[in-house]
*Asks:* 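Attaching a single structure in structure tokens format; questions to follow.
Every number for a ligand or one of its atoms is a count from 1 in the order of the listing. In this chain, residues are counted from 1 in sequence order.
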Amino acid sequence: NDLMTKSDIALYRAKELGRNCFEFFSNDQQARIVKAREVSEEILWGLELGQFIPFYQPQFDAHSGEIVGVEALARWDHPDKGVLSPFEFLKVAEDINVIDDIDHDVLATVLNDLKFWEEQGISVEHASVNISSPRLRDENLIRRLKELQIEPGRITFELLESIFLDDRDLVVERNLEKIKQMGIDIEIDDFGTGHASLSQLIDMSASVIKVDREFVERVETSERHRKIVKMTLDLAKSLDMQTIAEGVETQAQLRVLKDMGFNIFQGYLFGKPAPIE
Ligand code: C2E
Ligand code: CA
Ligand code: CA
């Protein structure tokens with residue numbers, strides 16, 4: 001029995017690594033699987049108990065300096081381990097197909113928080129949430145979104161550029177179309193690091209491009225990065241899209257990015273993601 005269990009673990013690992021390969025069993029593999037299983041169970045409990053919550057990072061208008069919105073970033077408010085970042089749960093959540101449930105919970109809380117801010121007289125016009133690719137492929141997505149009664153113009157979905165790696169998918173296209181009809185904007189996240197093609201950029205009619213931190217980081221030191229970012233801004237402008245620079249950490253970066261003509265800034269320089277309080 002032991003031998004069978006252990007060869008199964010090696011087989012699982014080999015499958016993970018792709019086709020046509022072999023793997024020897026190791027205690028490390030076993031430990032990883034036991035750990036992943038534990039985390040999976042905890043995630044399911046966490047969902048049941050509403051432990052997945054948004055943190056908010058402010059976004060600022062380049063001209064007025066006013067807060068124009070927030071990005072909601074998922075956190076796991078774990079009873080023993082404290083607040084955990086997405087890197088500690090998203091991968092496992094994806095493996096056990098609950099990433100869309102987390103996205104759903106985060107969005108529902110964001111909608112409540114927007115109302116709460118409104119009641120407090122705090123003006124947060126707009127929130128962006130991240131949306132995973134399995135969620136975009138979900139046939140039930142639109143029905144679930146309708147239940148939330150989203151006010152048009154107040155929510156943006158951030159799609160990772162890597163979502164576009166796959167070939168055209170009818171469900172995704174239909175979902176995107178309906179999402180836009182509901183008054184939810186589409187934003188391309190991490191632009192420049194993924195796989196969006198120019199034709200997809202046109203077809204999707206996204207309204208915002210968010211330039212990845214990798215570029216923002218190097219914009220003052222590398223002429224080549226500066227040129228690519230400039231080109232991206234020209235592209236966005238010609239398609240009537242807004243531009244956000246994310247991961248802005250220094251005044252020096254900000255100066256360069258401002259001169260380049262970005263519309264919106266976000267980053268540690270202005271504020272780290274923080275709980276609603
Ligand atoms: P992302 O959407 O690209 O989010 C930006 C990440 O950069 C966030 O990390 C944020 O805390 C961090 N960041 C913001 N400003 C700065 C800065 O000035 N400097 C540096 N060094 N980092 C900065 P976080 O919150 O750990 O999120 C990581 C990723 O997890 C996100 O990347 C997003 O892809 C994913 N994610 C977060 N929340 C959700 C969610 O609700 N659903 C889904 N599906 N994915 C999510
Ligand atoms: Ca994002
Ligand atoms: Ca990003």
Side-chain angles (χ1 to χ4, degrees), residues 43 46-47 50-60 69-78 82-111 113 126-138 141 144-145 148 155-165 184-196 206 208-220 229 232 242-254 257 262 264-276:
I43 288 178
L47 269 167
Q51 290 168 357
F52 292 92
I53 55 163
F55 267 33
Y56 294 102
Q57 187 175 33
Q59 299 176 323
F60 292 85
V70 290
E71 177 177 3
L73 293 151
R75 294 291 181 269
W76 184 0
D77 191 5
H78 193 285
V83 176
L84 302 178
S85 94
F87 297 110
E88 298 181 71
F89 59 85
L90 276 187
K91 176 77 183 61
V92 179
E94 191 172 349
D95 288 346
I96 58 171
N97 288 322
V98 294
I99 196 169
D100 48 338
D101 293 316
I102 294 179
D103 284 0
H104 182 88
D105 280 12
V106 167
L107 175 59
T109 309
V110 167
L111 292 170
D113 290 352
H126 177 268
S128 328
V129 299
N130 294 280
I131 179 164
S132 62
S133 56
R135 185 144 200 243
L136 219 50
R137 293 200 170 76
D138 181 0
L141 174 66
R144 288 184 86 186
L145 288 178
L148 293 173
I155 295 289
T156 298
F157 281 171
E158 299 196 6
L159 273 57
L160 283 186
E161 204 197 334
S162 48
I163 285 179
F164 306 109
L165 176 66
I184 299 171
D185 283 333
I186 302 292
E187 170 183 320
I188 301 177
D189 203 352
D190 296 349
F191 189 81
T193 59
H195 312 272
V208 190
I209 283 185
K210 191 183 251 188
V211 172
D212 192 58
R213 183 160 60 90
E214 194 179 309
F215 291 90
V216 167
E217 230 175 3
R218 306 188 59 180
V219 86
E220 13 138 26
V229 171
T232 307
Q242 293 265 92
T243 47
I244 302 182
E246 79 172 333
V248 184
E249 292 184 350
T250 67
Q251 288 289 350
Q253 285 166 358
L254 179 63
L257 296 164
F262 272 95
I264 296 166
F265 297 115
Q266 181 182 350
Y268 290 173
L269 179 64
F270 302 96
K272 290 194 173 179
I276 177 154

*Asks:* Atom 7 (O) of ligand 1: which protein heavy atom is closest, and how many Å away?
*Replies:* Arg213 NE, 4.7 Å
*Asks:* Heavy-atom distance under 4.5 Å between the side chains of Asn130 and Glu71, does that happen here?
*Replies:* yes
*Asks:* Near Ala74, which atoms of ligand 1 are under 4.0 Å from a heavy atom of that residue?
*Replies:* 37 (C), 38 (N), 39 (C), 40 (C), 41 (O)
*Asks:* Counting distance only, does the side-chain N/O of Asp212 pair as donor-acceptor with the main-chain N or O of Asp189 below 3.5 Å?
*Replies:* no
*Asks:* Considering only heavy atoms from C-beta outward, does the side chain of Val129 approach that of Thr156 to under 4.5 Å?
*Replies:* no
*Asks:* Within the 4.0 Å heavy-atom shell around Gly267, which atoms of ligand 1 are there?
*Replies:* 15 (N), 18 (O)
*Asks:* When you measure from the heavy atoms of Phe87 to every atom of ligand 1, does any distance fall below 4.0 Å?
*Replies:* yes
*Asks:* With a 3.5 Å cut-off and no angle check, do the side chains of Gln59 and Gln266 form a donor-acceptor pair?
*Replies:* yes
*Asks:* When you measure from the side chain of Gln253 to the backbone N and O of Thr250, does any donor-acceptor pair fall under 3.5 Å?
*Replies:* yes
*Asks:* Would you check the N or O atoms of Pro273, main chain and side chain alike, for any that come under 3.5 Å of an N or O of ligand 1?
*Replies:* no
*Asks:* For the residue pair Phe89 and Phe52, is the inter-centroid distance of their aromatic rings smaller than 6.0 Å?
*Replies:* yes
*Asks:* Is there a polar contact between ligand 1 and Tyr268, counting only N or O atoms under 3.5 Å apart?
*Replies:* yes
*Asks:* Run the contact test for Glu71 against ligand 1 with a 4.0 Å cut-off on heavy atoms, strictly below, and give the result.
*Replies:* yes
*Asks:* Counting backbone and side-chain atoms alike, does Ser128 have an N/O/S atom under 3.0 Å from the Ca ion (ligand 2)?
*Replies:* no
*Asks:* Taking atom CZ of Arg218 as the centre, does the number of heavy atoms from other residues, nucleotides or ligands within less than 6.0 Å exceed 12?
*Replies:* no
*Asks:* For Ser132, counting its heavy atoms only, list the atoms of ligand 1 lying under 4.0 Å from any of them.
*Replies:* 44 (N)
*Asks:* Considering non-hydrogen atoms of the protein only, which is the closest contact for atom 30 (O) of ligand 1, and what is the distance?
*Replies:* Pro86 CB, 3.4 Å
*Asks:* Measuring from Glu217:CD to Glu249:CD, what's the distance to the nearest 0.5 Å?
*Replies:* 6.5 Å
*Asks:* Could you measure the distance from the CG atom of Leu136 to the CG atom of Asp103? Nearest 0.5 Å is fine.
*Replies:* 10.0 Å
*Asks:* Between Gln242 and Asp185, is there a side-chain donor-acceptor contact under 3.5 Å, judged purely by atom types and distance?
*Replies:* no
*Asks:* Which atom name does Glu158 have for its N/O/S atom nearest to the Ca ion (ligand 2)?
*Replies:* OE1
*Asks:* Charged N to carboxylate O below 4.0 Å: is that the case for Asp101 and Arg135?
*Replies:* no
*Asks:* Has Gln266 got any heavy atom lying under 4.0 angstrom from an atom of ligand 1?
*Replies:* no
*Asks:* For the Ca ion (ligand 2), what is the closest N, O or S atom on Asp189?
*Replies:* OD2
*Asks:* Enter the distance from Ile99:CD1 to Ser133:OG here, rounded to the nearest 0.5 Å.
*Replies:* 7.5 Å
*Asks:* Which of the numbered atoms in ligand 1 are under 4.0 angstrom from any heavy atom belonging to Leu90?
*Replies:* 30 (O), 35 (C), 36 (N), 45 (N), 46 (C)
*Asks:* Considering only NZ, NE, NH1 and NH2 on the basic side and carboxylate oxygens on the acidic side, decide whether Lys210 and Glu187 come within less than 4.0 Å.
*Replies:* yes
*Asks:* As an exercise, identify every atom of ligand 1 less than 4.0 angstrom from a heavy atom of Val248.
*Replies:* 18 (O)
*Asks:* Aromatic contact between Phe60 and Phe265, with the criterion being ring centroids under 6.0 Å apart: yes or no?
*Replies:* no
*Asks:* Within the protein, is there a heavy atom lying under 4.0 Å from atom 36 (N) of ligand 1?
*Replies:* yes
*Asks:* Name the option, out of Glu246, Gln57, Glu249, that contains the heavy atom nearest to atom 15 (N) of ligand 1.
*Replies:* Gln57
*Asks:* Angle at the Ca ion (ligand 3): provide the value between OE1 of Glu246 and OD1 of Asp190, rounding to 10 degrees.
*Replies:* 140°
*Asks:* Could you find the nearest protein heavy atom to atom 6 (C) of ligand 1 and give me its residue, atom name and distance?
*Replies:* Leu73 CD2, 4.8 Å
*Asks:* Look up atom 3 (O) of ligand 1 and tell me if a protein heavy atom lies less than 4.0 Å from it?
*Replies:* yes
*Asks:* Do you know which N/O/S atom name in Glu71 is closest to the Ca ion (ligand 2)?
*Replies:* OE2
*Asks:* With respect to Arg75, determine whether any N or O atom, backbone or side chain, lies less than 3.5 Å from an N or O atom of ligand 1.
*Replies:* yes
*Asks:* Name the option, out of Ile53, Val106, Leu107, Asp103, that contains the heavy atom nearest to atom 40 (C) of ligand 1.
*Replies:* Asp103
*Asks:* So between Asp189, Ile102, Leu84, Val129, whose heavy atom ends up nearest atom 1 (P) of ligand 1?
*Replies:* Asp189
